[in-house]
Amino acid sequence: FAELSSLNTDQLELPDHALVFAWVDYFLARAGGAKFAAVVRMLKEGATTQDALHKVMGVNMLVIDTEFAEWVKANYSLLDR
């Protein structure tokens with residue numbers, strides 16, 4: 001998360017865009033649109049990503065990648081090949 005969250009949209013490769021979409025989906029599912037909007041507002045006001053996510057959503061940056069991976073496994077199905 002830390003690596004992607006520090007990049008601008010024009011710095012992302014195609015697979016990164018898909019991953020960022022999944023992160024947004026995760027945060028919306030976890031906390032809802034109002035809290036996600038509050039995080040975005042704080043970021044626009046100059047807060048760090050870590051501070052905004054922790055203050056608004058209670059995100060612990062030490063375990064966020066693990067929690068996200070578990071959520072993806074539970075909410076995104078694999079395509080049949």
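Residue numbers start at 1 and run along the sequence shown.
Listed for the N8 side chain is no donor-acceptor partner under 3.5 Å among the backbone atoms of D10.
Side-chain contact between I64 and Y26 is present, with at least one heavy-atom pair separated by less than 4.5 Å. Side-chain contact between F36 and R30: absent, with no pair of heavy atoms (C-beta onward) separated by less than 4.5 Å.
Cluster annotation: F21 and L53 are assigned to the same hydrophobic cluster (Ile/Leu/Val/Met/Phe/Trp/Tyr, side-chain heavy-atom contacts under 4.5 Å, transitive).
In plain terms, the two heavy atoms of Y76 and A22 that are nearest each other are OH-CA, 3.6 Å. Among all heavy-atom pairs drawn from V56 and A38, the shortest one is CG1-CB, 4.0 Å.
The salt bridge (Lys or Arg N to Asp or Glu O under 4.0 Å) contacts involving residues 33-53 comprise nothing, where partners must be two or more places apart or lie in separate chains.
Interatomic distance, L4 CG to H17 NE2, rounded to the nearest 0.5 Å: 10.0 Å. Summarising the geometry, atom NE2 belonging to H54 is positioned 10.5 Å from atom OG1 belonging to T48; distances are rounded to the nearest 0.5 Å.
Tested against L62, the residues D65, N60, T66 include a single side-chain contact (heavy atoms from CB on, under 4.5 Å) partner, N60.
Under a cut-off of 6.0 angstrom, the local environment of CD in E3 is sparse, with at most 12 non-hydrogen atoms contributed by other residues, nucleotides or ligands.
Between W23 and F68, the ring planes are parallel. Angles under 30° get that label, and only those over 60° would be called perpendicular.
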